[in-house]
Peer 1: 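Sending over a structure as structure tokens; questions will come in a sec.
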Amino acid sequence: MFDVIIRGGSIVDGSGAPSFIGDVAIKDGRIAEVGKVDGAAAREINAAGRVVAPGFIDPHTHFDAQLLWDGAAKPALEHGITTIVPGNCSLSLAPLKVEHREALTGMFRQIEELPPEVFDGSAFDWTWESFDDYLKAIREGLSVNVAPLVGHSVIRLWVMGDAAQQRAANPQEIQGMCELLRECLQAGAVGLSTSYVDVDQNLYPVPSRWAHFEELDALAAVLGEYGRVLQVVPEFYATDITLARVDQLAELSLKHDIPTTFSPLFDNAATPDNVPRVMARVHEQMARGARVWPQVQTRPIDISFSFELPSLFFAANPTWYTVMRLPYAERTTAFTDPDQRAKLVAAAGPDGGASWLGSLILRHVPDAASKLVGQSVAQIASERGVSPVEALIDVSLEHDFKAHFLAESVGHDVNSRVGPLLADDNVHIGASDGGAHIASFSTYGDTGYLFSEFVRATGELSLEHAVRKITSDTARIWGIPERGELAPGFAADVVIFDADTIARGPERMAHDLPGVAEGGLRYVRDSVGVETVLVNGAVAFESGAYTDAHSGQVAVA
Amino acid sequence: MATPSLVAQPAPTRMPEPVIVGASIAGGHDGAAELIVQVRFENGVVRDVAMENDTGLALMSVCGVHSIEELAGQPWQRFLEAVGQVPAKSS
């Protein structure tokens with residue numbers, strides 16, 4: 001008697017092998033049989049006409065805090081993601097001494113855009129200092145599996161205190177960090193994350209950026225003792241520095257026999273030689289035997305802005321740029337004074353700003369009930385019988401410059417360039433940043449976007465290839481055991497979806513942050529085409545709703 | 001063949017400094033606009049450098065320009081001045 005049998009689905013097992021029609025039997029949270037399954041089960045799920053695949057693994061997230069009140073890392077799970085890697089970019093919530101909470105949460109607020117109330121005790125209780133105790137704090141409520149990184153900045157903070165953001169470490173301090181890292185790896189950390197880019201809430205470099213190479217080398221040696229991963233945020237704004245980091249990671253990988261991964265790497269029309277140059281170096285280092293995995297996101301990059309703060313969005317238009325740099329009162333006058341307003345309207349172009357501004361989406365206004373949100377500037381203009389530039393100005397004035405607009409797909413958006421990159425065997429699909437930048441844009445649904453755009457629309461990847469890239473490839477790169485494939489003995493993480501419709505839903509606002517007035521704000525996307533998600537054999541999401549299952553595990557312990 | 005010391009040498013000239021030769025706006029990883037400038041170095045190589053929103057705005061301010069098109073021809077030294085104007089930011 002099995003616990004669950006999923007009958008008659010198109011099985012894409014995660015290995016990259018061709019799909020086939022068959023059944024998947026589950027017993028005690030593990031895959032028991034795959035193929036033609038005889039016998040009965042406590043529950044049978046009819047998957048005819050649907051794809052049955054291993055649960056997806058998201059290797060770049062910042063759900064560290066959210067997991068304390070939401071073990072499903074919503075909405076990640078409903079997109080078919082059954083394992084997440086939090087603790088990226090040098091930041092984890094443990095190990096953390098009580099006296100360092102304020103410093104660390106400042107870094108988290110800067111990166112994740114979580115409001116400070118979340119950390120003041122109303123959303124969760126601070127019950128831990130050690131990494132092991134943090135895992136205990138999240139473990140009972142987990143609906144997804146977690147393969148957590150430990151942050152280099154946090155380890156530095158523990159050992160060096162305030163000096164972590166002032167100087168290089170001495171040999172004794174490096175030794176202390178190594179011992180602490182060892183303790184975290186033994187508790188279940190999948191690896192170490194570090195960053196050469198991130199800043200805290202005061203725009204001051206995070207602790208990891210103060211480390212000299214000797215420190216990282218020593219920590220990588222500890223990773224080598226366990227075969228665990230080093231995740232790095234390189235100076236991605238400059239190709240030449242990124243190339244140097246690729247070389248550095250390659251040396252660490254070879255010297256200590258560890259996998260390394262860096263992110264983000266994205267394609268941009270303004271810097272067209274960035275990806276080709278970085279990938280050429282990655283291929284060269286991979287050919288030497290180094291493991292240096294660039295993480296590439298599937299979704300395009302958007303720009304958001306308002307009239308409230310200066311944005312480079314207007315920097316190509318001198319009339320608009322000049323006005324946008326004015327102090328608030330003068331800026332307001334410029335948009336209300338008839339003569340100045342006329343100049344701004346004229347400067348938007350003879351088409352009334354249709355080509356420059358018409359496709360902008362109004363994504364947020366203070367009035368949550370506004371029906372304008374989600375409409376394009378061109379739509380609003382049409383309804384009001386004005387030009388797009390006038391609509392943009394009017395909506396901004398009506399909301400005291402707090403209306404936020406979105407320029408969609410302004411980077412990493414050319415499928416003929418991004419598709420082959422995602423399909424490259426030396427590219428690791430990831431970098432979703434799930435749980436970060438929550439008040440700026442949605443970081444969910446990248447897996448659905450992979451299928452809708454690069455399997456169905458362009459055909460750059462086959463269904464089997466796409467599934468492999470976000471399941472068994474990820475598990476192999478990260479050393480996550482017995483996940484990422486539908487094979488006997490593997491954990492029963494399963495997603496059942498409609499290959500013809502799986503996608504990401506439209507971006508929408510959610511107000512669901514605990515302990516925050518009116519629920520705060522974060523941008524999310526619902527899943528499309530994902531019907532059932534099982535985590536370690538338990539149904540965690542089905543028919544558009546989350547269940548009460550809390551079957552998630554720490555995936556590396 | 002004359003020995004090098006006997007060959008007339010041109011008078012030493014000041015090395016040219018890196019110069020911005022173009023600029024464009026792009027989307028950044030964090031959802032904000034970024035300024036991408038093309039810099040021509042002394043050896044003739046042209047490379048892109050990306051700046052996040054605040055640094056890009058500071059560069060335009062330091063250069064006294066009102067459009068990214070006007071950045072062409074500005075010395076790279078202006079970038080260093082711009083970085084100094086962005087509080088406590090070292091990247």
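All heavy atoms count here, side chains included; hydrogens, waters and symmetry mates do not. First the proteins, then the strands, lettered A, B, ... as listed; each starts at 1.
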Peer 1: Which value, rounded to the nearest 0.5 Å, describes the distance between A:Ile301 atom CD1 and B:Glu34 atom CD?
Peer 2: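 If I round to the nearest 0.5 Å, the distance is 8.0 Å.
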Peer 1: Side chain from CB out, backbone as N, CA, C, O: work out which of these in A:Pro310 comes under 4.5 Å of a heavy atom of chain B, or both, or neither.
Peer 2: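 Backbone plus side chain of A:Pro310, per the 4.5 Å heavy-atom cut-off to chain B.
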Peer 1: Taking all non-hydrogen atoms of both residues into account, name the closest pair between A:Phe313 and B:Ala33 and its distance.
Peer 2: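 That closest heavy-atom pairing would be N-CB, 3.7 Å.
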Peer 1: Below 4.5 Å, heavy-atom pairs only: which of B:Gly31, B:Ser24, B:Gly28 has the largest tally toward chain A?
Peer 2: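 Going by pairs under 4.5 Å, I would pick B:Gly31.
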Peer 1: Side-chain atoms of residues 56-70 of chain B: list all donor-acceptor pairs with protein atoms under 3.5 Å, sequence neighbours left out, distances to 0.1 Å.
Peer 2:
from, atom 1, to, atom 2, distance (Å)
B:Ser67, OG, B:Glu69, N, 3.3
B:Glu70, OE2, B:His66, N, 3.4
B:Glu70, OE2, B:Ser67, N, 3.3

Peer 1: Quickly, which of A:Asp273, A:Asp240, A:Asn268 forms a side chain to side chain contact (heavy atoms under 4.5 Å, CB included) with B:Asp48? Name it, please.
Peer 2: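 Result: among A:Asp273, A:Asp240, A:Asn268, A:Asp273 is the only option passing the side chain to side chain contact (heavy atoms under 4.5 Å, CB included) with B:Asp48.
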Peer 1: Name the member of A:Gly411, A:Ala315, A:Ala270, A:Ala316 that forms the most heavy-atom pairs with chain B at distances under 4.5 Å.
Peer 2: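 Top count of heavy-atom pairs under 4.5 Å with chain B: A:Ala315.
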Peer 1: Measuring from B:Ile25:CD1 to A:Leu312:CG, what's the distance to the nearest 0.5 Å?
Peer 2: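 B:Ile25 CD1 to A:Leu312 CG: 4.5 Å, rounded to 0.5 Å.
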Peer 1: Measuring from atom CG of A:Leu309 to atom CG of B:Asn53, what distance do you get when rounded to the nearest 0.5 angstrom?
Peer 2: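 Nearest 0.5 Å value for the CG-CG distance: 8.5 Å.
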Peer 1: Roughly how far, to the nearest 0.5 Å, is OG1 of A:Thr271 from CD of B:Gln38?
Peer 2: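 One gets 9.0 Å once the value is rounded to the nearest 0.5 Å.
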Peer 1: Minimum heavy-atom separation for A:Val410 and B:Gly27, please, with both atom names.
Peer 2: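 Of all heavy-atom pairs spanning A:Val410 and B:Gly27, the closest is CG2-CA, 3.8 Å.
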Peer 1: With a 4.5 angstrom heavy-atom cut-off, could you sort out which part of A:Phe305 is near chain B: side chain, backbone, both or neither?
Peer 2: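 Looking at A:Phe305, nothing touches chain B.
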Peer 1: Does any backbone or side-chain atom of A:Glu235 lie under 4.5 Å from a heavy atom of chain B? Answer side chain, backbone, both or neither.
Peer 2: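 Looking at A:Glu235, nothing touches chain B.
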Peer 1: Going by ring-ring contact (aromatic ring centres under 6.0 Å, His included), name the residues that satisfy it together with A:Phe236, two or more places apart in sequence or in a different chain.
Peer 2: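 With neighbours one apart ignored, the set is B:His29.
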Peer 1: Under a 4.5 Å heavy-atom cut-off, does chain B meet the side chain of A:Asp413, its backbone, both or neither?
Peer 2: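 Contact with chain B: none, neither part.
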Peer 1: Please rank A:Ala238, A:Pro264, A:Ser440 by heavy-atom pairs under 4.5 Å with chain B and give me the top one.
Peer 2: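 Heavy-atom pair counts peak at A:Pro264.
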Peer 1: Heavy-atom cut-off 4.5 Å, strictly under: side chain, backbone, both or neither for B:Ala32 against chain A?
Peer 2: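 Backbone of B:Ala32 only, per the 4.5 Å heavy-atom cut-off to chain A.
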Peer 1: With a 6.0 Å cut-off (strictly less than), is the heavy-atom count around CZ of B:Arg40, excluding the residue itself, greater than 12?
Peer 2: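 Open.
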Peer 1: Side chain, backbone, both or neither: which part of A:Arg299 has a heavy atom under 4.5 Å from chain B?
Peer 2: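 Answer is neither: A:Arg299 stays 4.5 Å or more from chain B.
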